[in-house]
Amino acid sequence: MIYDFKKPLSYPLPSGFKFEEYGNLNTEKVTECCWKGFDHEKTEGPWDGDAENEYHILAAPHYTPHAVAVKNQAGDYVCYAGMWWTPENKLAYMEPLCTVPQFRGKGLTAAALSEMYRRMKSLGATHMTGGGDPFYAAIGFQPCIEWTYWEKK
């Protein structure tokens, strides 16, 4: 799915939550949020505190430091939106995006993407990618790639 920046994306952050700015992000908290947000606890158990993988992602050659976490009143990260910026084609590539299960349905993910929209638009982005979940269509993302599968009989 893709979001065309010709349309504004403006979902507010619900009260009781705050954005954690990129420069203040805690890598361990991001990793724990992603572990929970991608439902790893259901199949693999509680987060074990190992943030090594996240440090490798932060060192990726094309990584760009555009991300935001939503934290609750206790200071826990409950939603995380990472963004990779490709100025050559004015594309903001969203990856990853997740919300801790007990905080889903509160508008946090839409608010985080709205914040990324504002930041990336100011850099010159014209589009932002998203996943295939129905959530993206609900907030205005459109299909951008159609796959055709051929089978030889």
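Counting from 1, the numbers follow the sequence of the chain as shown.
With hydrogens and angles disregarded, no donor-acceptor distance shorter than 3.5 Å links the side chain of K106 to the backbone of P14.
In this structure, the side chains of P8 and Y117 come closer than 4.5 Å at one or more pairs of heavy atoms. Side-chain contact check for C144 versus M1: every heavy-atom pair is 4.5 Å or farther apart. Residues H40 and W47 are not in side-chain contact: their nearest non-hydrogen atoms beyond the backbone lie 4.5 Å or more apart.
A distance of 12.0 Å separates CG in D39 from SG in C34, rounded to the nearest 0.5 Å. One finds the CG atom of L91 at 8.0 Å from the CH2 atom of W85 (value rounded to the nearest 0.5 Å). Taking CZ from F19 and CG from L25, the interatomic distance works out to 12.0 Å, rounded to the nearest 0.5 Å. The CG atom of L113 lies 6.0 Å from the CE atom of M83; values are rounded to the nearest 0.5 Å. Atom NZ of residue K71 and atom CZ of residue F17 lie 13.0 Å apart, to the nearest 0.5 angstrom. With rounding to the nearest 0.5 Å, the separation of OG1 in T109 from CZ in F135 is 5.0 Å.
Heavy-atom neighbours of K90 NZ from other residues, nucleotides or ligands within 6.0 Å: at or below the threshold of 12. Remark: Q73 CD is loosely packed, at most 12 non-hydrogen atoms of other residues, nucleotides or ligands lying under 6.0 Å away. Within 6.0 Å of NZ in K42 there are 12 or fewer heavy atoms belonging to other residues, nucleotides or ligands. Counting heavy atoms of neighbouring residues, nucleotides and ligands inside a 6.0 Å radius, atom OH of Y93 does not exceed 12 of them.
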Do M94 and Y136 pass the side chain to side chain contact (heavy atoms under 4.5 Å, CB included) test, and can you show the C-alpha distance, the side-chain angles, and the key distance before you say yes or no?
CA-CA 12 Å; M94 187 278 308; Y136 294 98; 3.2 Å; yes

Residue pair E115, V70: steps toward the side chain to side chain contact (heavy atoms under 4.5 Å, CB included) verdict
CA-CA 10 Å; E115 182 64 19; V70 175; over 6 Å; no

Side chain to side chain contact (heavy atoms under 4.5 Å, CB included) assessment of V68 paired with R119
CA-CA 10 Å; V68 68; R119 294 177 186 193; 4.1 Å; yes

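Here the closest non-hydrogen pair linking A112 and C79 is CB-SG, 4.1 Å. Taking every heavy atom of both residues into account, F141 and M128 meet most closely at CE2-O, 3.4 Å. A67 approaches Y80 most closely through the heavy-atom pair CB-OH, 3.3 Å.
By the 4.0 Å N-to-carboxylate-O rule, E32 lies too far from K29 to be salt-bridged with it.
Residues L108 and I139 fall within the same hydrophobic cluster, defined by Ile, Leu, Val, Met, Phe, Trp and Tyr side chains chained together at heavy-atom separations under 4.5 Å. Cluster membership for M120 and L97, using ILVMFWY side-chain heavy atoms within less than 4.5 angstrom, is shared. Grouping the Ile, Leu, Val, Met, Phe, Trp and Tyr side chains by contacts below 4.5 angstrom, directly or via other members, places I2 apart from M116. Linking ILVMFWY residues whenever their side-chain heavy atoms come closer than 4.5 Å, directly or via other members, places L13 and L9 in the same cluster.
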